[in-house]
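Report on the following structure.
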Amino acid sequence: MTENIHEFRILEQIEKNPDATQADLAAQMGVAVGTVNWYVKRLIAKGFVKVTHLQRRRLRYLITPKGIAEKSRLTVEYMRVSLRLYRNIREQSLAALRQVRRAGHSQVVIEGDGDAAEICRLTCLEQQMDVVSRRQAAPGTPTIVVDGLQVRLGD
C-alpha cells in the first residue's frame, strides 16, 4: 500500500506542477530524492508519466491519460482502505465502550494520539461517553488505549 501512496502522491504533485523537480517532489513528500527518482522511473516505465526536456538539465513531467486513470484508481483504492480502517477502529472502540458501560462507568480516558485516537474519541462522544484527561479523571476511570490501529481497554 505504501508503494501506491507514493505513486499517488507523485502523480498528484506532478499534476499540480509539471515543472517540479525531483528535489521539489521529495521535499513535498518528505522522502529522499532517490526514492522519488525510483518512483518517477517506474511511473514513466508504466506509461503513467511522460518526461520532456525543457532545457539541458530541466525536465517537465506530464501525466498521461493512462496516468490520470491510474491516479483515479489509486484514489478509489485509498478511500476503500481508509474506510475499512475507520470501520475497524470504530468497531474496536465500540467493543471497549461496551465493556466500560457494563462496568458502570460513564467516562473514559483515551491514551494515544493520531487519527485512530481521534476516531475513538469521536465514537465515545457519539455514544454519550464523556472523555476526560487523566488529570480530570476520577479514581478508577477506565482508560482506552489506542496503539497504532489497535484499540483496547487499558489495564
Side-chain angles (χ1 to χ4, degrees), residues 1-55 57-101 108-134 142-154:
M1 186 65 195
T2 302
E3 187 172 299
N4 289 345
I5 290 171
H6 286 316
E7 286 185 0
F8 172 79
R9 291 182 66 204
I10 289 171
L11 288 169
E12 186 176 52
Q13 293 301 323
I14 289 172
E15 186 175 52
K16 288 179 186 174
N17 181 10
D19 296 325
T21 65
Q22 289 186 9
D24 295 337
L25 295 170
Q28 291 164 352
M29 294 174 58
V31 298
V33 175
T35 300
V36 169
N37 181 271
W38 188 83
Y39 280 105
V40 167
K41 284 180 179 178
R42 272 179 58 108
L43 292 168
I44 291 168
K46 290 178 178 181
F48 300 152
V49 172
K50 179 180 161 186
V51 63
T52 59
H53 292 273
L54 294 178
Q55 298 166 353
R57 294 191 55 142
R58 190 85 170 125
L59 304 174
R60 172 176 276 170
Y61 300 105
L62 301 170
I63 297 181
T64 65
K66 188 176 176 183
I68 292 170
E70 177 65 3
K71 183 175 170 262
S72 296
R73 186 193 70 76
L74 291 171
T75 300
V76 169
E77 180 182 335
Y78 177 80
M79 295 301 293
R80 184 179 45 77
V81 169
S82 296
L83 191 54
R84 186 173 58 235
L85 290 173
Y86 168 82
R87 287 178 179 148
N88 185 308
I89 292 165
R90 184 169 156 68
E91 188 54 45
Q92 291 178 61
S93 299
L94 288 168
L97 286 174
R98 283 191 291 274
Q99 288 181 269
V100 168
R101 280 232 160 80
V108 296
V109 172
I110 296 177
E111 185 178 290
D113 55 13
D115 293 339
E118 185 63 16
I119 292 167
C120 181
R121 187 183 74 75
L122 291 172
T123 301
C124 289
L125 295 176
E126 175 189 88
Q127 297 296 311
Q128 284 83 47
M129 178 65 65
D130 288 333
V131 177
V132 295
S133 70
R134 185 148 322 278
T143 299
I144 295 178
V145 178
V146 181
D147 184 19
L149 299 176
Q150 299 298 312
V151 178
R152 62 178 170 76
L153 210 49

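Just the heavy atoms: all of them, side chains too, but no hydrogens, waters or symmetry mates, feed the values below. Remember, predicted model here, so these are calculated numbers, not experimental data.
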Side chains of [X] and [Y], heavy atoms from C-beta outward: is any pair under 4.5 Å?
X      : Y      : result
Lys50  : Tyr61  : no
Tyr86  : Ile119 : yes
Leu59  : His53  : yes
Val132 : Val108 : no
Leu25  : Ile14  : yes
Ile144 : Cys124 : yes

Could you grab the distance from atom [atom1] of [X] to atom [atom2] of [Y], nearest 0.5 Å is fine?
X      : Y      : atom1 : atom2 : value
Ile63  : Lys16  : CD1   : NZ    : 11.0 Å
Ile10  : Gln28  : CD1   : CD    : 10.5 Å
Thr35  : Gln22  : OG1   : CD    : 10.5 Å
Ser93  : Asn88  : OG    : CG    : 9.5 Å
Gln150 : Gln92  : CD    : CD    : 5.0 Å
Gln99  : Arg152 : CD    : CZ    : 11.5 Å

Minimum-distance pair of heavy atoms, taken over all atoms of [X] and [Y]:
X      : Y      : result
Pro142 : Leu153 : CB-CD1, 4.4 Å
Val109 : Ser133 : CG2-O, 4.0 Å
Arg134 : Glu111 : NH2-OE1, 3.1 Å
Ala116 : Val146 : CB-CG1, 3.6 Å

For this session: Take the angle between the ring planes of His6 and Tyr39 and call it parallel below 30°, perpendicular above 60°, tilted in between.
Result: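 Aromatic pair His6/Tyr39 classed tilted.
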Salt bridge present between [X] and [Y] (N-O < 4.0 angstrom):
X      : Y      : result
Glu7   : Lys46  : yes
Arg73  : Glu77  : yes
Arg121 : Glu118 : yes

>> When you measure from the side chain of Asp24 to the backbone of Thr21, do you find a donor-acceptor pair of N or O atoms at a distance under 3.5 Å?
In response: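 Looks like yes, one N/O pair under 3.5 Å.
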I'd like to know if the side chain of Thr64 reaches the main chain of Phe48, judged simply by a donor and an acceptor atom lying under 3.5 Å from each other, with no hydrogens or angles considered. yes
Test side-chain contact (heavy atoms from CB on, under 4.5 Å) on Leu83 and Arg87; report intermediate values, then the result.
CA-CA 6 Å; Leu83 191 54; Arg87 287 178 179 148; 3.4 Å; yes
Hits for side-chain hydrogen bond (donor to acceptor under 3.5 Å, both in side chains) against Asp115, two or more places apart or cross-chain, chain-then-number order -> none
Residue set satisfying side-chain hydrogen bond (donor to acceptor under 3.5 Å, both in side chains) with Gln13, at least two apart, ordered chain then number -> none
